[in-house]
Each structure stands twice: as structure tokens, then as C-alpha cells.
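Heads up, the thing below is written out as C-alpha cells.
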Amino acid sequence: MQRSISLTAKRLFVHWNLQGIGNPPTVPSFFNLCGSGCWERSFASASGDYREILRNRLSDIIKVDDAVDLFGDMVQSRPLPSIVEFNKLLSAVAKMKKFELVISLGEQMQTLGISHDLYTYSIFINCFCRRSQLSLALAVLAKMMKLGYEPDIVTLSSLLNGYCHSKRISDAVALVDQMVEMGYKPNTFTFTTLIHGLFLHNKASEAVALVDQMVQRGCQPDLVTYGAVVNGLCKRGDIDLALNLLNKMEAARIKANVVIFNTIIDSLCKYRHVEVAVDLFTEMETKGIRPNVVTYNSLINCLCNYGRWSDASRLLSDMLEKKINPNVVTFNALIDAFFKEGKLVEAEKLHEEMIQRSIDPDTITYNLLINGFCMHNRLDEAKQMFKFMVSKDCLPNIQTYNTLINGFCKCKRVEDGVELFREMSQRGLVGNTVTYTTIIQGFFQAGDCDSAQMVFKQMVSNRVPTDIMTYSILLHGLCSYGKLDTALVIFKYLQKSEMELNIVIYNTMIEGMCKAGKVGEAWDLFCSLSIKPDVVTYNTMISGLCSKRLLQEADDLFRKMKEDGTLPNSGTYNTLIRANLRDCDRAASAELIKEMRSSGFVGDASIISLVTNMLHDGRLDKSFLNMLS
DNA sequence: TTAGGGTTAG
């Protein structure tokens, strides 16, 4: 028996070496064995009372501080508690996800000469794996095996988790196969870990297939397995598959819990299937699963986003009736919704109500309030709220500053925005892509092209990542200030880069070229588009052609646009009508006006004044004006 | 005594 175990261990090493891991790294010093056996004093001599107290304290650990205190007492008590008690403590800390603390306590144990056992090592391996320190986990495993401890299915499942979290999904899959070959029997933990890993690496179909394979391999998926799969599917928007799983669970007599329902309901909300979400909400109640505050928050938020106020308010009362207390998330969703509806007073009242209900507003609450005021150009109130936030010891984060900076920039107060940027940096917050992009836009809007370009240069030299928004704002700014050549240099660089260009960028360049009179170049770019033009692209190009009096070409493009399924808008018609009027083509103009009117659009101010002028000098007759109104 | 998943707000 003993012989077969050590043989297995050896094969395991061969396996890892074959996988190219090489020799496991050196074990951290604290894992070196010292004084083995000498601390293996049992609790036999300790009084029953003491053991009872220790057992109670171990099972009562709720906070990290409790655990640390208990550890201090344990290492001081004589005789020392057994390794079993220490393991229980470490396990409790690991469950709080304080993996670093677990490692540090292990280090202290080693210093004190308390040696580890298989369970202790398994806990460490788990901690290193959860922290994505796979090499350290492997080092502990190597040490452990050197000491004669054979990894069990738990140890290996932890390690599997490490592979899954370390971009080594194919190695993870291979590890499970290897485990089977070596006589380990994968259980629900093993499979669930791998399924979760597959989702993490975007291998959803493999993950779903593995659920069925589990059954074939004599392993029934449990609630946790289904939870992992439902979550993975919902995140990708595969909600139908997630709903199918609910049925599968029912068939397997596994009762879904509220979190699983919440996950699906929230996805349904996000993917705009509100009615299905509400139905599922009713269904869970009939199935005896009580919705909680999260369920209500998802639905209320979604209904508010759709402007379905009465439905949202009905749910809110329903929630209160059922004695489910709204929390900070509920209030945040409502505050946001009120601001978006322009109900500033109501939003502020909600903030007051939170305080009355002793629900502490958090950073998100303040960010929403600040953003709400900024959206409605109430900069002073926004700034006041910012000060209030700071006075309440709620630390502003990068988003708080970005919101305020954006508010000031939109009001053409870019200098105030820059001042905030300085303040932010003094607080140790580093500007991100949004911060720089906002300020670049602010300078352009304030007419300061040079400063905008300077900020962009600074952004690049500070290695702040640029994104598609940065470039659309930069190119748009440069083009509108007549710096087409500079814009072209950047645009050509972008075309060669990895960045996936969107239609907005192309629209900007086509517009810039047309405005600079280079309609031919714009046309070439338009013809070379590898993505679908949108209504703005067509309008810009049509307008460019019209500016060169290429009315036939503009009309051809107008037809092509409709053939391609792009609906013309008010801008399309107005551009074409204006051009045809200027060209004195009354018949074409009249035709277009008719079509425009039947599509529900009207002539804009420039058309009206153009027609009026033409009436005065006799180029048009009165019937034209009648057609327009 | 060791291992697995998951929900809400900007």
C-alpha cells in the first residue's frame, strides 16, 4: 500500500516535469521542517474545560481580528493545541479569503517550531493557488511530498484551481486526465473547479459539455456546480441555456437558491428581457424561494432604466411590505434614475432619506449625486456635494474626479478641470484614460487646440493607455481646427495599429477631409470601408459630394444608402434638399421634400430661409412654402 | 482539520 502511494507521487512529478514546469521552485524558507515530532503534544493532558473553550472559540470565528487573537492565545498556551486545532484556525482564515494572513500565520507557526501536516500543507497550497501563485503552490507540494505526505484529491483539486486561475487551462484539463490515470477519482469539487476554469477561459461549450460528462462518470452535479454554470452562461448572455439548466436542476431534484435566480433575473434585465425577468420573479415565489434585496434591486433598477416608474414603485412597496429593507444599492439605483429623469429635488430627498434610515451613502452614492448635478449643469451643487462627501470621510475615487472634471469641461471650464486634476494627483490618484481624454476634449471645446495636443502628448509619455474614445476626440478636434494633416498622420498610424477602429473614427476623418475640400480623398476612404457605414457616414459623404456640386453622385449614394437598409434621417433630407434648391432643381427638391415629409421629418431653419429668399427673388413660387409647412 | 460557484448600483 505504502509502496503504491509513493509510486503515485513519483509519477505525479514526472507528469509536471513533462508539462514543462521543470523543477518546482524553492520552497519558501518557513516551510522547512524543523524539530519534527517534538511538538506533537496532544491535548490529552489539558483540562476538558480548556478544550471546550478552544473548540467554541474556533467555531465562533467571524472576524479576522478574532482569528488573530485566538492564534496569539493558542501559541502561548501550554501544552500547545494540536495541529488539528491550528488547521481549523487557518481554514477559518482562508474562508475569509485572507490568504496572505494564512501564509503569515503558517510562517509564525514554523518559527515557533509547530510543524505542519498534510492538511496544513493543503491549506497553504490552496492559498497560493487562490492568489494565482502557482509556482509557490507547487513548491509547497514538492516539500510536502519530500516529507512523505501523499497529496489527496483535495490537495490536487486545489492545485487544479491554481492552474485554472493562472491562464493554464489546457494544463488544468491535462491534470484531471492525469489524476484519473493515477487512480484518483475526480469528484464534484474537481469537476466544478474545472468547469469554472473553462468559463474563465471563454470555453463555455466545453464547460457545459463537462456537466453531462460528470454524470456519465458517476458524479452528480450539485448546487455549486449548477451555480458556476448558470453564472458563466449568464455573463455571456446565454440566458436560454441558463434557463434550461433550471429545468435540469428541477429534474435532478436540486433546489435552486435565491442567488441562482438573482443571477438569471439580472441577466434578463441586462439583455432587455424585462418581461421574462418579471415572470421568473413570480415563478421563484411560487416555488417557495424568497426573493431578497438583490432580486428587488435588479428589477427596480431595470424598470427605472426603462422609465417604468409605476412598476418600479410597485415593486418598492412590495419589498417594504415583505419587510425586505432597501439598502444602499436600492437607493443608489433610485437616485440615478431620478437624476436621469431630471427630478433633482427628489434625488436629493432620497439622499436625505438614506441618512434618516441610517443607510450610509457610499462612494457610488456620492458619485451619482455629483454626476446628477453635473448632468444638469449645476456645478456649484456638484462641488458642494463633493465637499460634503469628503467631510463625511468618504474618499473620492478616480471616478468621482472624472465625473467632476467632465462636468467642468462640459461647461467650458477646462481650467477648473485641470485644477481638479492637480488636486487629484496630490491625493495620490493617478489619472486614467478617461481623465486625460476628458481634459483633451475640454481643451478642444474651449478652443485651445494646442493645450489639447499637449495633454495628449503627456498622456502618451505617461504611458496612460489610449483608447478609441481618446482618438475619436483627438481626431475630431484636430479636424475641426483645420489640422487635417496632423489628424491624417495619427489616423494612418491607427490603421496600422492593433486597435479596432469603429465607424465614429471613420466618420470623423471623412468629415475632416470633406471640410478641407478633399472630397475625392474622403470618397476613397468611404469606398475602402471594411465596416458598415451608418447614417452619419452617408450624411457626411452626401454632404461632401453636394459641396462639390456632384448632385448626381450624391443622389446615387442616397439610393445606395436606402438599398443597404440605412434609414435616412432629417439631416440626409435637409442636406440633399438644400443642395438641389441651390442648384435650382425645383422638381428634385419637391420630390425630396415630399419624401421627407412622409418620413415624418421637417425642413430645418436653413431650408426655410433659403426658400424664403428664393421666393423673394422669384426663383420659387408660393406652393413651395406650402409644401414645407 | 484540507478543495469548488454565484447576484445588485456609477
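Note on naming: letters A, B, ... go to the chains in the order of the sequence lines (proteins, then strands), and numbering restarts at 1 for each one.
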inquiry  = Base, sugar-phosphate or nothing for A:Thr225? Non-hydrogen atoms, less than 4.0 Å.
reply    = base

request  = Classify the nucleic acid contact of A:Thr190 as base, sugar-phosphate or nothing, counting any heavy atom under 4.0 Å across all strands shown.
outcome  = nothing

Shortest side-chain distance from A:Ile364, nucleotide among B:dA9, B:dG5, B:dT1 = B:dA9

inquiry  = Quiz question: going by heavy-atom distance under 3.5 Å, is there a donor-acceptor pair between the base of B:dG6 and the side chain of A:Asn262?
reply    = no

key: Nearest-nucleotide pick for A:Leu368, side chain only, options being B:dG4, B:dG6, B:dG10   = B:dG10

key: A:Asn327 (side chain) and B:dT8 (base): donor-acceptor pair under 3.5 Å   = no

Donor-acceptor under 3.5 Å (A:Ser82 side chain, A:Val84 main chain) = yes

message = As a test of reading the structure: which of B:dG5, B:dG4, B:dT2 is closest to the side chain of A:Ser91, going by heavy atoms?
response = B:dT2

ask   = Which nucleotide, B:dG6, B:dG10, B:dT8, lies nearest any side-chain atom of A:Val329?
value = B:dT8

remark   = Side-chain contact check for A:Asn371: nearest option of B:dG10, B:dA3, B:dT2 is B:dG10

query = B:dT7, B:dA9, B:dG10: which one has an atom nearest the side-chain heavy atoms of A:Asn397?
reply = B:dG10

inquiry  = Just to be sure I understand the rule, does A:Ile125 reach a base, reach only the sugar-phosphate, or reach nothing, if contact means heavy atoms closer than 4.0 Å?
reply    = nothing

key: A:Thr263 and its side chain to side chain contact (heavy atoms under 4.5 Å, CB included) partner, picked from A:Asp266, A:Ile265, A:Val259   = A:Val259

request  = State the CD1-CE distance between A:Ile398 and A:Met424, to the nearest 0.5 angstrom.
outcome  = 3.5 Å

message = Using a 4.0 Å heavy-atom cut-off, does A:Asn292 contact any base of the nucleic acid, only the sugar-phosphate backbone, or nothing at all?
response = nothing

query = Considering only side-chain heavy atoms of A:Gln399, which listed nucleotide, B:dG10, B:dG5, B:dA3, is closest?
reply = B:dG10

message = Using a heavy-atom cut-off of 4.0 Å across all strands, would you classify A:Ser122 as base, sugar-phosphate, or nothing?
response = base

ask   = Out of B:dT1, B:dG10, B:dT2, which nucleotide sits closest to the side chain of A:Val84?
value = B:dT1

inquiry  = Nearest to the A:Asn87 side chain among B:dG10, B:dT2, B:dT1, which nucleotide is it?
reply    = B:dT1

ask   = Is A:Lys340 touching bases, backbone alone, or none of the nucleic acid, heavy atoms closer than 4.0 Å?
value = nothing

key: Under 3.5 Å donor-acceptor, A:His351 side chain and A:Ala347 backbone   = no

task = Ignoring hydrogens and angles, answer whether the base of B:dA3 and the side-chain atoms of A:Asn187 contain a donor-acceptor pair closer than 3.5 Å.
result = yes

query = A:Asn292 and A:Asn262: side-chain donor and acceptor closer than 3.5 Å?
reply = yes

query = Side chain of A:Thr193, base of B:dG4: donor and acceptor closer than 3.5 Å?
reply = no

remark   = Checking A:Thr330, A:Asp360, A:Ile335, A:Asn327 against A:Met354 for side chain to side chain contact (heavy atoms under 4.5 Å, CB included), the one that qualifies is A:Ile335

inquiry  = Taking the minimum atom-to-atom distance to the side chain of A:Thr192, which one of B:dT1, B:dA9, B:dG4 wins?
reply    = B:dG4

query = Closer than 4.0 Å, any side-chain N/O of A:His196 to the OP1 or OP2 of B:dG5?
reply = yes

